[in-house]
Engineer: 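Take a look at this one; I'll ask things after.
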Amino acid sequence: MRSLIDILDFSAEEINELIDNANDMIAHPERYSEVCKGKKIATLFFEPSTRTRLSFEAAMLELGGSVIGFSEAQSSSASKGESVSDTAKVISCYADIIAMRHPREGAPLVAANAASIPVINAGDGGHNHPTQTLADLLTISREKGRLTDLTIGFCGDLKFGRTVHSLISALSRYTGIRVILISPEELALPSYIKRDVMEKNGMSYTQTTDLEAVMPELDVLYMTRVQKERFFNEEDYLRLKDSYILTNQKLKNAKSDLCIMHPLPRVNEISVAIDEDPRACYFKQVLNGKHVRKALIVKLLKEAGTI
Ligand code: CP
């Protein structure tokens, strides 16, 4: 049974096809309005979410299907001690596809191994968030017209930011990508990603703490929130949380066609004044997330022989 647990579960060709299909769904939504008629998605969210859960649900509704699920572990039998494997087996009796978010790294993989329906990783701890990556790739491709030959700055919490980990993995497949890692020392990208993803694939990267110094070089700036929920003590979080706040002043030497991204939620990392700047793409990312999740649901249900 095909699932999506890690973005590298899909080949570059499959990701490009998903982007093409999402673009077709944007252009011709009416052609897809009954593709999943009679089918159900179960959104199993053991951790809070606004965008990912509701975009999966909106996506399935727009495809003519329906939605079941829960939005917190406390309202499920996980609170009584039920395992992820048993939960996945049970939900396989009720739904056609699962989107699961869990605070524990690897939980969606455990679910996929137990389920008899496709499982989508909707974010597992500080590990991966492959469907955010699909939204990010669709956004970069629509805004820049390509996924190659780009200088991309990742700024903020690169240690715990699962969206960064998944997007860097995906970008390692494309040529001419230069990554600039911008973070405090304590929130640097984990060395296993530098070694096993970037160095292994010959990806060019540099590291700095100075956002303004590298701003003129960037085609894409990917801001991130400091992940409060992953910190072991509040004192460290409070010290690091406002390390980078993007303001109009900091953008003064940026390219005129810079694409400013953020997976959201935003806390304080981007001044709201920037929302009016045509280079701000983070709310477009939100909408693209729904479209590409539609394409993903259709792909996995077709491969499962469900539609
Ligand atoms: N980007 C993202 O995963 O947002 P949510 O936590 O609101 O789903």
Side-chain angles (χ1 to χ4, degrees), residues 4-29 31-32 35-36 41 49-63 97 99 120-123 128-154 161-177 179 218-224 257-266 278-303:
L4 174 61
I5 303 302
D6 186 304
I7 194 65
L8 297 179
D9 292 345
F10 286 174
S11 66
E13 291 70 32
E14 286 181 297
I15 288 173
N16 292 339
E17 191 180 22
L18 273 172
I19 290 171
D20 289 346
N21 290 345
N23 279 321
D24 197 56
M25 289 175 174
I26 292 168
H28 307 288
R31 291 184 191 164
Y32 300 90
V35 172
C36 291
I41 188 167
S49 167
T50 295
R51 275 146 296 273
T52 311
R53 183 172 67 85
L54 295 177
S55 66
F56 267 117
E57 296 185 356
M60 192 49 146
L61 294 172
E62 288 183 19
L63 292 166
I97 188 164
I120 299 168
N121 179 2
N128 280 322
H129 195 345
T131 66
Q132 179 65 48
T133 298
L134 294 175
D136 298 341
L137 293 173
L138 177 60
T139 303
I140 296 170
S141 137
R142 287 176 70 85
E143 296 302 314
K144 306 303 294 181
R146 63 189 191 279
L147 287 169
T148 58
D149 304 304
L150 292 164
T151 297
I152 304 182
F154 289 92
R162 60 193 174 194
T163 65
V164 172
H165 305 166
S166 289
L167 183 53
I168 287 176
S169 289
L171 289 169
S172 71
R173 296 251 186 69
Y174 295 90
T175 56
I177 299 292
V179 168
L218 303 179
D219 299 305
V220 175
L221 171 59
Y222 195 98
M223 296 296 294
T224 62
D257 63 348
L258 173 69
C259 174
I260 304 168
M261 300 176 68
H262 191 308
L264 305 181
R266 151 178 66 182
R279 295 171 290 186
C281 295
Y282 28 95
F283 291 110
K284 292 182 189 171
Q285 254 172 294
V286 172
L287 186 55
N288 289 334
K290 181 190 69 175
H291 294 304
V292 84
R293 288 180 177 108
K294 284 170 77 170
L296 175 64
I297 291 168
V298 169
K299 174 182 171 61
L300 290 176
L301 288 182
K302 273 192 179 161
E303 288 193 26

Engineer: From the options D257, T139, I152, select the one residue that forms a side-chain contact (heavy atoms from CB on, under 4.5 Å) with K144.
Structural biologist: D257
Engineer: Distance check, rounded to the nearest 0.5 Å: L137 atom CG versus Y174 atom OH?
Structural biologist: 5.5 Å
Engineer: Can a donor-acceptor pair be found between the side chains of N21 and Y32 at a distance below 3.5 Å?
Structural biologist: no
Engineer: Under the 3.5 angstrom rule, does the side chain of Q285 hit a backbone N or O of H262 as a donor-acceptor pair?
Structural biologist: yes
Engineer: Distance from T52 atom OG1 to E57 atom CD, nearest 0.5 Å?
Structural biologist: 11.0 Å
Engineer: Quick one, Y282 and P263 - any side-chain contact, counting heavy atoms below 4.5 Å?
Structural biologist: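 Answer no - side chains too far apart.
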Engineer: Looking only at non-hydrogen atoms, find the nearest pair between I97 and L301 and report the distance.
Structural biologist: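 Looking at all heavy atoms of both residues, the shortest contact is CB-CD2, 3.9 Å.
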Engineer: Please lay out, stage by stage, how I7 and L134 fare under the test side-chain contact (heavy atoms from CB on, under 4.5 Å).
Structural biologist: CA-CA 8 Å; I7 194 65; L134 294 175; 3.7 Å; yes
Engineer: Do any pairs count as a salt bridge (Lys or Arg N to Asp or Glu O under 4.0 Å) and have a residue in residues 130-140, sequence neighbours left out, and if so which ones?
Structural biologist: none
Engineer: Between M261 and M223, does a side-chain contact (heavy atoms from CB on, under 4.5 Å) hold up when you go through it step by step?
Structural biologist: CA-CA 6 Å; M261 300 176 68; M223 296 296 294; over 6 Å; no
Engineer: Tell me if a side-chain donor or acceptor on S166 pairs with a main-chain N or O of T163 at a distance below 3.5 Å.
Structural biologist: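 No, the answer is negative, given that no donor and acceptor are paired below the 3.5 Å cut-off.
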Engineer: Please name the pair of heavy atoms, one in I177 and one in L171, separated by the smallest distance, quoted to 0.1 Å.
Structural biologist: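 Minimum heavy-atom contact is CG1-O, 3.9 Å.
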Engineer: Ignoring hydrogens, what is the shortest heavy-atom contact between C36 and I297? Give both atom names and the distance.
Structural biologist: SG-CG2, 4.2 Å
Engineer: Measure the CG-SG distance between L221 and C281 for me, rounded to the nearest 0.5 Å.
Structural biologist: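 Here the rounded value is 10.5 Å.
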Engineer: Decide yes or no for H129 and T133: does some side-chain heavy atom of the first lie under 4.5 Å from some side-chain heavy atom of the second?
Structural biologist: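 A side-chain contact is absent here, since even the closest heavy-atom pair is not under 4.5 Å.
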Engineer: If you measure from OG1 on T148 to CD1 on I140, what distance do you get to the nearest 0.5 Å?
Structural biologist: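 Going from OG1 on T148 over to CD1 on I140, the span is 11.5 Å.
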Engineer: Taking the side chain from R146 and the backbone from D149, do they hold a donor-acceptor pair closer than 3.5 Å?
Structural biologist: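 Yes, the answer is positive, given that a donor and an acceptor are paired below the 3.5 Å cut-off.
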Engineer: Considering non-hydrogen atoms only, spot the tightest contact between A99 and I41 and give its length.
Structural biologist: CB-CD1, 4.3 Å
Engineer: Under the criterion side-chain contact (heavy atoms from CB on, under 4.5 Å), I'd like the reasoning laid out for V220 against I260: C-alpha separation, chi angles, the key distance, then a yes or no.
Structural biologist: CA-CA 6 Å; V220 175; I260 304 168; over 6 Å; no
Engineer: Could you tell me whether the side chain of D6 and the main chain of L8 form a donor-acceptor pair under 3.5 Å?
Structural biologist: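 Yes, because the side chain of D6 sits within donor-acceptor range (under 3.5 Å) of the backbone of L8.
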Engineer: Would you name the heavy atoms of R279 and L258 that are closest together and state the gap between them?
Structural biologist: CB-O, 3.1 Å
Engineer: Any side-chain to backbone donor/acceptor pair from S49 onto R53? Under 3.5 Å, distance only.
Structural biologist: yes
Engineer: Would a distance-only check, ignoring hydrogens and angles, find a side-chain to backbone donor-acceptor pair under 3.5 Å from E14 to S11?
Structural biologist: yes
Engineer: Nearest 0.5 angstrom please: I168 CD1 to F154 CZ, how far?
Structural biologist: 4.5 Å
Engineer: Go through the steps to decide whether L296 and I120 satisfy the test side-chain contact (heavy atoms from CB on, under 4.5 Å), and finish with yes or no.
Structural biologist: CA-CA 9 Å; L296 175 64; I120 299 168; 3.8 Å; yes
Engineer: Under 3.5 Å, side chain of N288 to main-chain N/O of A135, donor-acceptor pair present?
Structural biologist: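 Not at all, since once roles are kept as given, no pair shorter than 3.5 Å links the two residues.
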Engineer: Which of these, K290, H291, K294, R293, sits in a side chain to side chain donor-acceptor pair (under 3.5 Å) with S55?
Structural biologist: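 It is R293, the one option of K290, H291, K294, R293 that forms the side chain to side chain donor-acceptor pair (under 3.5 Å) with S55.
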Engineer: Measure across I5 and N121 and return the closest heavy-atom pair with its distance rounded to 0.1 Å.
Structural biologist: O-ND2, 2.9 Å
Engineer: When rounded to the nearest 0.5 angstrom, what distance separates CG in N16 from OG in S141?
Structural biologist: 8.5 Å
